[in-house]
Amino acid sequence: MLPVEKAREYAQFLVERAQAAGADAADAVYIGSESQSVQVRFGELEHVDRSEGEEMGLRVFVGQQSASVASSDFSNEALDELVGRAIAMAREAPEDSYAGLAPAELLASGPFPDVESEDRSADNPEALRGRALAAERAALAVTGVTNSSGGSAGTSASTMALATSTGFSGASRSTGHSCSVSVVAGEGATMQRDSAWHGSRHLEDLDAPEQIGRLAGDRAVSKLNPQKPKAGRYPILFDPRVAGSILTHFAAAISGGAVARKASFLLDKLGEQIFADGIRIVDDPLRLRGLRSRQFDGEGLPVRGTDLVSGGILRTWTAESASARQLGIQPTGHAVRGASGAPGAGPSNLFIEAGSRSRDDLFAAFPEAILVTELIGQGINYVTGDYSRGAAGFMIRGGEIAEPVAEITIASNLLDMFATLEPATDLEFRRGIDAPTLLIPEMAVAAA
């Protein structure tokens, strides 16, 4: 993996070669990564893995025709071939009046904000092994846990560099640390499996492995002897483990590409109230040590915290330059990209602001409700908003968690869910897309 400054220079050099070869405009991206992980099972080392990879991507424009190519070979001969192939492909591509680089006058300029995404401390395999073992020991010590699928710990680092022929040049580096464990509770046909995981940019922010292990064990044991509730309509509470999925669906529906294709159930909702009055949904790319923080977007535009929803009103789409042109708006600084292909639009650190009632208050608000801790399948229609997913969790009675439930399906429409949704106060920033416990006052429930 190249050092940050060298990666930036490579991207800039590739853009210059493309222009010299006849491209009217170009951008190039370098993505490099390295990782190592250790897996253990029943106290024995099971697997050690180390991987490295790097790739250069080039996008060229000849008039309104464009093409994207990528290579992991950085030799001069390979890069010359890459440039030639990209330009030849562009000349054969259909014209697209919306394609193009981000407007030069909107580009970010350094120095870029420091989001503390890099931890310079390093883990060796022995430290990773110790963390994985500690997590598994803690999980196996929970009464009722009968088997282990293993514990793991890992560390990673990545570098991303972007250069454009319109004058942008920047690079960033990020690191990650993680620990997880998965165990089984019970015997025979009644066995239940669950897990726990935590990841952070800096090692000092990572949960203790013993905490992760105990959580995995407790989760598995709590799922023993699940029941099936009667079919009907119930208040549904989404545990923070799965509540972020509601925000993921929201983010997909407000992306400029989906809106431009008329493939979003929120197509005509910009500026309208789609949530309750007090709901605020924020995208914050500059959160210090955030798992999805970034210093600039995938087209070189500056990034900033944005209220996507405030007062329950949908305030903006998230758009990269191509979909922004199609929609007649300015790009919003939400471009995301890989080494190949054109940028799309997506969120960074996305969260829904905490509400005024606690999780316990929401539990106690109804005589009977269902707490969902696991979602299965992807039954979402983004054109209509229809929502249907398999689920598992717990019954809530008299404000208390009762028996586990499994093999159920929950269904509604995302517009109805958004309109009635209420967040609890238990918001924590742990996943990059974060939500507290979310209450949907009524959804259809069927037993499989």
Side-chain angles (χ1 to χ4, degrees), residues 1-36 49-96 98-102 104 107-110 112 117-118 155-176 294-301 320-322 335-344:
M1 184 170 64
L2 295 175
V4 170
E5 184 57 26
K6 182 62 71 173
R8 189 192 65 78
E9 291 175 359
Y10 259 64
Q12 184 64 50
F13 180 55
L14 191 56
V15 167
E16 292 168 358
R17 292 175 87 150
Q19 287 184 288
D24 295 323
D27 63 3
V29 61
Y30 167 90
I31 297 176
S33 64
E34 57 187 25
S35 65
Q36 57 180 334
D49 180 76
R50 179 176 177 83
S51 64
E52 295 185 23
E54 54 185 357
E55 194 173 19
M56 288 289 298
L58 174 67
R59 184 170 58 139
V60 300
F61 296 86
V62 178
Q64 292 183 319
Q65 300 164 285
S66 66
S68 298
V69 292
S71 175
S72 56
D73 186 344
F74 292 2
S75 67
N76 284 327
E77 295 80 5
L79 293 181
D80 283 339
E81 182 183 346
L82 186 76
V83 169
R85 187 167 75 250
I87 293 175
M89 289 170 59
R91 286 175 175 153
E92 298 298 323
E95 291 191 353
D96 183 350
Y98 300 114
L101 302 179
L107 294 173
S109 58
F112 302 116
S117 61
E118 182 181 6
T155 183
S156 64
S158 62
T159 296
M160 182 269 193
L162 172 69
T164 74
S165 60
T166 47
F168 178 83
S169 180
S172 63
R173 181 176 169 87
S174 61
T175 55
R294 54 196 181 208
Q295 298 171 296
F296 48 85
D297 85 342
E299 295 182 306
L301 296 183
E320 84 296 345
S321 292
V336 293
R337 69 185 304 168
S340 59

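The chain is numbered in sequence order, starting from 1. Given the structure is predicted, the values throughout are model-derived calculations rather than measurements.
Under 3.5 Å, the side chains of Asp73 and Ser71 contain no donor-acceptor pair of N or O atoms. If you check the side chains of Ser340 and Ser68, you find no donor sitting under 3.5 Å from an acceptor.
The shortest distance between side-chain heavy atoms of Thr175 and Thr155 does not fall below 4.5 Å. Two residues are said to be in side-chain contact when any heavy atoms from C-beta on lie closer than 4.5 Å; Arg91 and Ile87 meet this criterion. Residues Val336 and Asp297 form no side-chain contact, since every pair of their non-hydrogen atoms from C-beta on lies 4.5 Å or further apart. In this structure, Thr159 and Leu2 have side chains that are not in contact, with every pair of non-hydrogen atoms separated by 4.5 Å or more. Side-chain contact check for Ser117 versus Gln295: every heavy-atom pair is 4.5 Å or farther apart. Counting heavy atoms from C-beta on, the side chains of Leu101 and Ser165 come closer than 4.5 Å.
Crowding of Glu81 atom CD: a count of heavy atoms from other residues, nucleotides or ligands under 6.0 Å not exceeding 12. More than 12 heavy atoms of other residues, nucleotides or ligands shown are found within 6.0 angstrom of CD on Glu5.
Glu299 contributes a side-chain N or O that, together with a main-chain N or O of Ser321, makes up a donor-acceptor pair within less than 3.5 Å.
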Next on the checklist: Run the side-chain contact (heavy atoms from CB on, under 4.5 Å) test on Gln12 and Tyr30 for me, step by step, so that the C-alpha distance in whole Å, both residues' side-chain angles and the decisive distance to 0.1 Å come before the verdict.
Outcome noted: CA-CA 10 Å; Gln12 184 64 50; Tyr30 167 90; over 6 Å; no
